[in-house]
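Take a look at the structure below.
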Amino acid sequence: MKKIFETILLISLLYSSVFSVRISVEISDNLLVNKRSIQEWAQEDYQRLKDLWKIDLSFPMHITVEKPSDKWGGESFLSVNSYNIVLSSSSERIRRTLTHEMMHLFNFEWDLKNNVKTPLWIVEGIACWWESTINEQKRSISPLIALNRDMLDVVNVKEYPHGEKLLAFYSAVEDLFLKIDKTIDLRKNLPVLFKVAKSTGWERALSSFLKNDFSRFYERWKFEVLLISLLKLLYYNVPWLIVITLLVLIVFIRSRLHRNFNDDLSELEKIYGKNYWLNKDNEKF
């Protein structure tokens, strides 16, 4: 019996090493989305992430494509016997959303295998970083986000924000991890970083890989984002600032000239009387 069990285990291991995780795709009615394209994209992302994490998914994957939603673009979760991705993005963003959600699945797999829970800002940070890296298209941090320090404080976000704050959170955490990636090279060191963070905590692990205290790195990043946003705001509004400045200057000069003229007139009237100008005009004729 023991030999039979060992044989079955060996066969299953060989099967998992040769054959990839089964990926099924379901598309809602009347959607102009190619099922084969979704399948191919998912297979590409799966292979990239398998190579990146050096682990495989323990469950098959089921992808459902629904009608685009204004409130959200996708979600991923583990059910009893499968990993699930629900896509509700526009046709322009669906490829990026799939890449983003696939990263979540491997993050979930790591958590399951290691009995840990990755903090939200790490979960979304690496997914946004991976999405922008693979698709070579970055989210931008608007000046309104940069000027709001609460929106930039992504490390202390424990639950998903709502509405516009969620988009601000994604933009900020993506920018942070792109900054981290320049020093750490996440493509090369992501699994090792997670392993170190499991034993030391995320702040210590990041400090070690960055060779810099993470809290200082984090505060410097927030300052740089604020400074760059202010410079962008100034750059794009320079024409308007020039026009407004000139108008203010013209109004100021006119008001000064008008006041000087009235001051001179009042002084003359004190000396020669209020009919001074009338008398001077009569003398001409």
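Atoms considered below: every heavy atom in the structure, side chains included; atoms not considered: hydrogens, waters and symmetry mates.
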Problem - Donor-acceptor pair, side chain of Asp213 and main chain of Arg216, under 3.5 angstrom - result: yes

Problem - Asn114 side chain to Val116 backbone, donor-acceptor under 3.5 Å - result: no

Handout entry: Side-chain heavy-atom pair Thr118, Ile126 within 4.5 angstrom cut-off
Key = no

Exercise for the section: State the OG1-CG distance between Thr183 and Asn189, to the nearest 0.5 angstrom. Expected result: 11.5 Å

Problem - Straight-line distance of Leu52 CG to Lys188 NZ, nearest 0.5 Å - result: 13.5 Å

Practice task
Would you check if Tyr218 and Ile180 make a side-chain contact, meaning some heavy-atom pair closer than 4.5 Å?
Solution key: no

Problem - Selection residues 86-102 - residue pairs positive for side-chain hydrogen bond (donor to acceptor under 3.5 Å, both in side chains), sequence neighbours left out - result: Glu44-Arg95, Asp45-Arg95, Asp45-Thr99, Ser76-Glu101, Ser89-Thr97, Ser90-Glu92, Arg93-Glu131, Arg95-Thr99, Arg96-Glu131, His100-His104, His100-Glu124, His100-Glu131

Exercise for the section: Starting at CD1 of Ile55, measure out to CZ of Phe106 and round the result to the nearest 0.5 Å. Expected result: 6.5 Å

Problem - Thr133 to Leu178 - nearest heavy-atom pair and separation - result: OG1-CD2, 4.3 Å

Exercise for the section: Kindly give the heavy-atom pair with the smallest separation between Ser82 and Asn84, and that separation in Å. Expected result: O-ND2, 3.1 Å

Practice task
Check each of Thr64, Leu105, Ile38 against Ile85 using the side chain to side chain contact (heavy atoms under 4.5 Å, CB included) test, and report the only one that passes.
Solution key: Leu105

Problem - Backbone N/O of Leu120 and side chain of Lys158: donor-acceptor pair under 3.5 Å - result: no

Problem - Phe177 side, atom CZ; Ile184 side, atom CD1 - distance, nearest 0.5 Å - result: 8.0 Å

Handout entry: Within-4.5 Å side-chain heavy-atom neighbours: Ser79 and Asn81
Key = yes

Problem - Minimum heavy-atom distance Trp110-Lys195, with the two atoms named - result: CZ2-N, 3.8 Å

Exercise for the section: Could you grab the distance from atom NZ of Lys54 to atom CG of Leu49, nearest 0.5 Å is fine? Expected result: 11.0 Å

Practice task
Tell me yes or no: between the side chains of Trp41 and Ser37, is some donor less than 3.5 Å from an acceptor?
Solution key: no

Exercise for the section: Evaluate whether atom CD of Glu164 has more than 12 neighbouring non-hydrogen atoms of other residues, nucleotides or ligands under 6.0 angstrom away. Expected result: no

Completion exercise
Taken to the nearest 0.5 Å, the spacing of Ser69 OG from Leu87 CG works out to 12.5 Å

Practice task
State whether the side chain of Gln39 and the backbone N or O of Ile23 hold a donor-acceptor pair below 3.5 Å, judged by distance alone.
Solution key: yes

Practice task
Identify the two heavy atoms, one from Leu166 and one from Pro161, that lie closest to each other, and give their separation to 0.1 Å.
Solution key: CB-O, 3.7 Å

Exercise for the section: Using the side-chain contact (heavy atoms from CB on, under 4.5 Å) rule, take Leu186 and Trp130 through it: C-alpha gap first, then chi angles, then the decisive distance, then the call. Expected result: CA-CA 9 Å; Leu186 292 171; Trp130 182 249; over 6 Å; no

Problem - Side-chain H-bond candidate by donor/acceptor type, His62 with Ser24, under 3.5 Å - result: yes

Practice task
Quick one: closest heavy-atom pair of Asp111 and Lys117, and the distance?
Solution key: OD2-CA, 3.9 Å

Exercise for the section: Kindly indicate, with the supporting measurements, whether the criterion side-chain contact (heavy atoms from CB on, under 4.5 Å) is fulfilled by Met102 and Tyr83. Expected result: CA-CA 10 Å; Met102 290 283 287; Tyr83 279 117; over 6 Å; no

Problem - Minimal non-hydrogen separation, Leu98 against Ile63, with atom names - result: CD1-CD1, 4.0 Å

Exercise for the section: Please assess Trp53 against Asn107 for the test side chain to side chain donor-acceptor pair (under 3.5 Å), listing each intermediate value before the final yes or no. Expected result: CA-CA 9 Å; Trp53 284 89; Asn107 197 161; over 6 Å; no

Problem - Glu224 and Lys179: CA distance, side-chain angles, deciding distance, salt bridge (charged side-chain N to carboxylate O under 4.0 Å, His left out) verdict - result: CA-CA 11 Å; Glu224 288 177 356; Lys179 180 82 172 176; 2.9 Å; yes

Can you give each donor-acceptor pair under 3.5 Å made by side-chain atoms of residues 204-212, sequence neighbours left out, with the distance rounded to 0.1 Å?
from: Ser207; atom 1: OG; to: Glu203; atom 2: O; distance (Å): 2.8
from: Ser207; atom 1: OG; to: Phe214; atom 2: N; distance (Å): 2.8

Practice task
Would you tell me whether Asn156 and Trp121 have side-chain atoms, one donor and one acceptor, within less than 3.5 Å of each other?
Solution key: no

Exercise for the section: Spell out, as yes or no, whether a donor-acceptor pair under 3.5 Å connects the side chain of Tyr46 to the backbone of Val21. Expected result: yes

Exercise for the section: Identify, with sequence neighbours excluded, every residue that meets ring pair (Phe, Tyr, Trp, His ring centres under 6.0 Å) alongside Trp202. Expected result: Phe194

